[in-house]
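Notes to accompany the following structure.
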Amino acid sequence: SAVISQKPSRDICQRGTSLTIQCQVDSQVTMMFWYRQQPGQSLTLIATANQGSEATYESGFVIDKFPISRPNLTFSTLTVSNMSPEDSSIYLCSSQRESSYNEQFFGPGTRLTVL
Amino acid sequence: EDQVTQSPEALRLQEGESSSLNCSYTVSGLRGLFWYRQDPGKGPEFLFTLYSAGEEKEKERLKATLTKKESFLHITAPKPEDSATYLCAATSGGSYIPTFGRGTSLIVHP
């Protein structure tokens, strides 16, 4: 299994600002993902972070709002841009062995509150 | 469209009172069925993967089983520390990315 860390663990931000969340995996995994989990809800996939190329976004999520970088096999960032209170949520990073139907492993999450 | 439905949404048990959580799935060609535990304010913690009907896996007081339409997470003689939200997810032949259910919130009272 992979061990995943995220920074920051939580933040309180003002409307209109941006926050970048970092995700570090302890091994060279392969597939990395970003999820959002709103209070009392399940996980919603934002995008797949692709190493060396643009992320693949799910319906309802766009690059201008959630730019993602993945410069190598163990690190990725998610930026939440021009934030509004509706962006208040827990953001989760996960990893999965490439081209497999195996389980994903999740980071501890970043709890974001937008005022 | 793949769907994963969990029931009940919430479950309250007394310590020692065994029960089961249900996960019904509708996917085109199940490839993997996953169970996770999520504590408040934390990321999901992986518990089990099941690949084919009839498969069972156990870990301490938890046992996961799989049929062609659903999976059960059996909790035997639960303790208060088993209180958490339990998430179910499934991958199908069309994608490596799992579809998650909404979870069952379990509270075990001492």
Side-chain angles (χ1 to χ4, degrees), chain A residues 1-11 21 23-25 29-50 55-59 61 78 88-113, chain B residues 1-10 21 23-25 27-52 55 57 59 64 66 71 84-107:
Chain A
S1 66
V3 177
I4 302 173
S5 60
Q6 284 184 236
K7 289 194 296 187
S9 59
R10 59 177 61 225
D11 207 341
I21 303 167
C23 176
Q24 180 74 51
V25 186
V29 290
T30 55
M31 301 185 79
M32 293 180 73
F33 306 91
W34 286 98
Y35 286 84
R36 182 172 72 184
Q37 186 176 32
Q38 296 182 307
Q41 302 296 313
S42 189
L43 307 179
T44 301
L45 181 65
I46 297 172
T48 301
N50 299 310
T56 304
Y57 289 85
E58 298 299 304
S59 176
F61 297 96
L78 167 74
S88 297
S89 188
I90 296 174
Y91 291 86
L92 293 156
C93 171
S94 74
S95 72
Q96 182 177 359
R97 278 186 286 159
E98 189 165 15
S99 302
S100 77
Y101 295 104
N102 292 312
E103 58 278 354
Q104 292 187 8
F105 294 95
F106 287 85
T110 296
R111 181 181 293 273
L112 171 63
T113 302
Chain B
E1 182 180 342
D2 295 346
Q3 285 191 328
V4 174
T5 304
Q6 293 187 247
S7 62
E9 289 186 13
L21 312 182
C23 171
S24 297
Y25 61 90
V27 300
S28 54
L30 180 74
R31 295 304 182 108
L33 189 291
F34 312 101
W35 283 98
Y36 291 86
R37 170 191 171 127
Q38 186 173 26
D39 293 301
K42 297 187 178 181
E45 173 191 348
F46 169 72
L47 293 173
F48 304 110
T49 303
L50 302 168
Y51 291 106
S52 57
E55 190 175 0
K57 290 197 176 169
K59 180 180 180 181
L66 181 65
S71 177
T85 295
Y86 291 86
L87 295 169
C88 172
T91 50
S92 67
S95 173
Y96 300 126
I97 299 172
T99 299
F100 280 86
R102 296 167 68 95
T104 293
S105 174
L106 173 66
I107 297 176

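Order of the sequence lines sets the chain letters (A, B, ...), proteins ahead of strands, with each chain counted from 1. Please read all numbers here as calculations on a predicted model, not as lab measurements.
- Residue contact with chain B, scored on non-hydrogen atoms closer than 4.5 Å, involves the backbone and the side chain of A:Q104 alike.
- Legend: residues meeting ring-ring contact (aromatic ring centres under 6.0 Å, His included) with A:Y35, ordered by chain and number and at least two apart, are A:F106, B:F100.
- The contact between A:T48 and chain B is made entirely by side chain atoms (from C-beta outward), counting heavy-atom distances below 4.5 Å.
- A distance of 7.0 Å separates CD in B:E55 from CG in B:L66, rounded to the nearest 0.5 Å.
- Atom OG of A:S42 is separated from atom CD of A:Q37 by 6.5 Å, given to the nearest 0.5 angstrom.
- Contact of B:E9 with chain A is not made at all, since no heavy-atom distance falls under 4.5 Å.
- Residues meeting the ring-ring contact (aromatic ring centres under 6.0 Å, His included) test with B:F48, sequence neighbours left out: none.
- Most heavy-atom pairs under 4.5 Å with chain A, from the set B:G103, B:P44, B:G43, B:S105: that is B:P44.
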